[in-house]
Amino acid sequence: MREHEYLQSLHFNCIRLPDGAGVVNMSLPIVLAIGDREKEEIGASPDVALQGPDGAVLAILRRVEIYPHNKEERIARTWGTTAPGLPYVDEAIAQAGNWLIGGDLEVIEPIKYNDGLDHYRLSPQQLRNEFDKRGADAVFAFQLRNPVHNGHALLMNDTRRRLLEMGFKNPILLLHPLGGFTKADDVPLPVRMEQHSKVLEDGVLDPETTIVSIFPSPMHYAGPTEVQWHAKARINAGANFYIVGRDPAGMGHPTEKRDLYNPDHGKKVLSMAPGLEKLNILPFKVAAYDTVAKKMAFFDPSRSKDFLFISGTKMRAFAKSGENPPDGFMCPGGWKVLVDYYNSLQTEEAAVASV
């Protein structure tokens, strides 16, 4: 982004289109930080090459503009706080350079991670082509950064049922797990992708009506500000329905024992955000483990004592200890992937401790 785009994104969560053609939602700035040395090396050069880790030129930034990176302002306006301990701030902003560079991006080569998962990284146009190929008349997207349990599957399958009842003939699910930075205690992307494949293999989700693709964005944990970006990106990819639940893109406050954001504000903001009018927001009911039916079900307040809420933290604790969750919480193949991952971690930790 150039400075005028950056400021619009930061202060208005939108960017004006040229010639007064309206606005597009853009709640998170897409920027590249550089340090004093890089700024000096670029000098008055109009164009800059962008290199991959191996030194290959992947893109050229044309007609560049360099402007100050006011980190405090960026953090405060994106997260609504400058409290210490915000994961993405610590990872990507605190140590970043004091300048931002923007310009017209000319891509030479598509980004490849060479991690065995590149076949999952479909561009927005590739996704649109795949939806057309499958004859989709509705596309509903589900954003997640965790393994898929049967409660998630219940939400996705119930959404498809609702769309069929609305008259759509072939709704297609875009299962679009986040593939960039996540907190250290989140399950890594390769493990999540293997777990997702088991969910499809076990028939918990229908492979014929589900497309799994990696959403390469980093996770900011910026609540209502970030959830707009998650929704807008899915519009670009061809989705016209978006599933949203409690506290989307939220996290616990880094220094206090409370949620950082109001859990209901994410879905409220999505229903009002400029530039997202084309997207139909689908709030979902809370799913929990029904101890009577012995399966994941929608929570029924009239018999709340029958429901067990298994958080991501509790799920990870089960997997780490080797304890099985209640039957019906997750498909066996998917659960084995998680148990094997945490067993491998414990083996590595034991090996390090013995050295």
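Throughout, residue positions are numbered sequentially from 1 according to the sequence presented.
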With the threshold set at 4.0 Å, does a side-chain nitrogen-carboxylate oxygen contact exist between Asp36 and Lys39?
no
Pro147 and Leu338 have their tightest heavy-atom pair at CG-CD2, 3.6 Å
Among the clusters formed by ILVMFWY side chains lying less than 4.5 Å apart, do Val191 and Leu345 turn up in the same one?
yes
Does NZ in Lys336 sit with more than 12 non-hydrogen atoms of other residues, nucleotides or ligands closer than 6.0 Å?
no
Hey, is the main chain of Ser302 close enough, under 3.5 Å, to the side chain of Asp300 for a donor-acceptor pair?
yes
Just checking, any donor-acceptor pair under 3.5 angstrom between side chains of Trp79 and Thr225?
no
Is it the case that over 12 heavy atoms from other parts of the model lie below 6.0 angstrom from the NZ atom of Lys183?
yes
Donor-acceptor pair, Glu38 side chain versus Gly35 backbone, under 3.5 Å?
yes
Could you check if a side-chain atom of Leu100 sits within less than 4.5 angstrom of a side-chain atom of Ile66, using non-hydrogen atoms only?
no
Looking at NZ of Lys232 and OH of Tyr242, how far apart are the two atoms once the value is rounded to the nearest 0.5 Å?
13.5 Å
Rounded at 0.5 Å granularity, tell me how far CH2 in Trp99 sits from CD1 in Ile34.
8.5 Å
Using the rule given for side chain to side chain contact (heavy atoms under 4.5 Å, CB included), can you reason through Ile281 versus Ile243, listing the C-alpha separation, both sets of side-chain angles and the distance that settles it, and then say yes or no?
CA-CA 6 Å; Ile281 306 303; Ile243 303 172; over 6 Å; no
If you define the side chain from C-beta out and look only at heavy atoms, does anything of Val244 sit under 4.5 Å from Leu282?
no
Hey, are Arg16 and Gln8 close enough side-chain-wise for a donor-acceptor pair under 3.5 Å?
no
Ignoring hydrogens and geometry, is there a side-chain-to-backbone donor-acceptor pair from His253 to Thr255 under 3.5 Å?
yes
Lys169/Asp137 salt bridge by N-O under 4.0 Å criterion
no
So, for Asn146 and His196, which heavy atoms are closest and what is the spacing to 0.1 Å?
O-CE1, 3.6 Å
With no hydrogens and no angle check, just 3.5 Å: does a side-chain donor-acceptor pair link His11 and Glu73?
yes
So, do Leu7 and Glu3 sit near enough that their side-chain heavy atoms are less than 4.5 Å apart?
yes
Nearest heavy-atom neighbours spanning Ala249 and His230:
CB-CE1, 4.1 Å
Do Arg192 and Leu189 pass the side chain to side chain contact (heavy atoms under 4.5 Å, CB included) test, and can you show the C-alpha distance, the side-chain angles, and the key distance before you say yes or no?
CA-CA 5 Å; Arg192 284 187 279 128; Leu189 177 64; 3.8 Å; yes
Counting distance only, does the side-chain N/O of Gln195 pair as donor-acceptor with the main-chain N or O of Val148 below 3.5 Å?
yes
Shortest non-hydrogen separation from Leu270 to Val227 and the atoms involved:
CD2-O, 3.7 Å
Could you tell me whether a side-chain N or O of Arg134 sits under 3.5 Å from a main-chain N or O of Glu208, the two making a donor and an acceptor?
yes
What distance do Thr182 atom OG1 and Met219 atom CE have between them, rounded to the nearest 0.5 Å?
9.5 Å
In terms of hydrophobic clustering (I, L, V, M, F, W, Y; side-chain heavy atoms under 4.5 Å; direct or indirect links), are Val23 and Leu276 co-clustered?
no
Please determine whether a side-chain nitrogen of the Lys or Arg among Arg246 and Asp259 lies less than 4.0 Å from a carboxylate oxygen of the Asp or Glu.
yes
Drop me the distance from Met1's CE to Ile30's CD1, to the nearest 0.5 angstrom.
5.5 Å
Summary of ring-ring contact (aromatic ring centres under 6.0 Å, His included) pairs that have at least one residue in residues 118-142, sequence neighbours excluded
Phe142-His152
For the residue pair Asn13 and Arg77, establish whether any side-chain heavy-atom pair is separated by less than 4.5 Å.
no
Do you know the tightest heavy-atom contact between Leu178 and Ser217?
CG-O, 3.2 Å
For atom CD of Glu256, is the number of surrounding heavy atoms from other residues, nucleotides or ligands below 6.0 Å larger than 12?
yes
Can a salt bridge be assigned to the pair Lys198 and Glu201 using a cut-off of 4.0 Å between side-chain N and carboxylate O?
yes
Does Arg121 count as lying over the ring of Tyr113, i.e. NZ or CZ under 6.0 Å from the six-ring centre, within 45 degrees of the axis?
yes
Are the side chain of Thr210 and the backbone N or O of Asp206 linked by a donor-acceptor pair below 3.5 Å?
yes
State the NE2-CG distance between His176 and Leu127, to the nearest 0.5 angstrom.
5.5 Å
Same apolar cluster (I L V M F W Y, side chains within < 4.5 Å links), Ile93/Met251
yes
Do Leu173 and Ile211 belong to the same hydrophobic cluster, where Ile, Leu, Val, Met, Phe, Trp and Tyr are linked whenever their side-chain heavy atoms lie under 4.5 Å apart, directly or via other members?
no
Can I get a per-line list of side-chain donor-acceptor pairs under 3.5 Å for residues 43-54, giving both atom names and the distance, sequence neighbours left out?
from  : atom 1 : to    : atom 2 : distance (Å)
Ser45 : OG     : Ile42 : O      : 3.0
Asp47 : OD1    : Arg63 : N      : 3.1
Asp47 : OD2    : Arg62 : NH1    : 3.1
Gln51 : NE2    : Gly55 : O      : 3.3
Asp54 : OD1    : Ala56 : N      : 3.0

Tell me whether Ile101 shares a hydrophobic cluster with Leu58, the cluster being built from Ile, Leu, Val, Met, Phe, Trp, Tyr side chains joined at under 4.5 Å.
no
To the nearest 0.5 Å, tell me how far Cys14 SG sits from Met26 CE.
10.0 Å
Taking the ring of Phe299 and the ring of Phe307, is the distance between their centroids below 6.0 Å?
yes
Main chain of Leu154, side chain of Asp158: is a donor-acceptor contact present, judged purely on distance under 3.5 Å?
no
Hey, what's the ring geometry for Trp335 with Phe318, parallel, tilted or perpendicular (30° and 60° as the breaks)?
perpendicular
Flag the pair Val139 / Pro171 as yes when at least one side-chain heavy-atom distance between them is below 4.5 Å, and no otherwise.
no
Using atom types as modelled and distance alone, determine if a side-chain donor or acceptor of Gln125 lies under 3.5 Å from a backbone N or O of Ser123.
no
Is there a side-chain contact between Asp118 and Asn114, using heavy atoms and a 4.5 Å cut-off?
yes
Which atom pair, heavy atoms only, marks the closest approach of His149 to Phe329?
CB-O, 3.4 Å
Has Ser9 got a side-chain atom pairing as donor or acceptor with Tyr6's backbone, closer than 3.5 angstrom?
no
Would you indicate whether the side-chain heavy atoms of Met193 and Val212 approach each other to under 4.5 Å?
yes
Using 30° and 60° as the class boundaries, would you call the ring planes of Phe181 and Tyr221 parallel, tilted or perpendicular?
perpendicular
Charged N-O contact under 4.0 Å between Arg303 and Asp290
yes
Donor-acceptor check, side chain of Arg234 to backbone of Phe241, threshold 3.5 angstrom: yes or no?
no
Can you check side chain to side chain contact (heavy atoms under 4.5 Å, CB included) on Lys278 and Asn240, steps first, answer last?
CA-CA 7 Å; Lys278 293 180 180 178; Asn240 47 4; over 6 Å; no
Please check if the number of heavy atoms outside Glu165 that lie under 6.0 Å from its CD is greater than 12.
yes
With side chain to side chain contact (heavy atoms under 4.5 Å, CB included) as the test, would you mind laying out the steps for Leu61 and Asp104 before giving the verdict?
CA-CA 5 Å; Leu61 206 56; Asp104 300 329; over 6 Å; no
Within the 4.5 Å heavy-atom criterion, are Leu86 and Leu260 side-chain neighbours or not?
yes
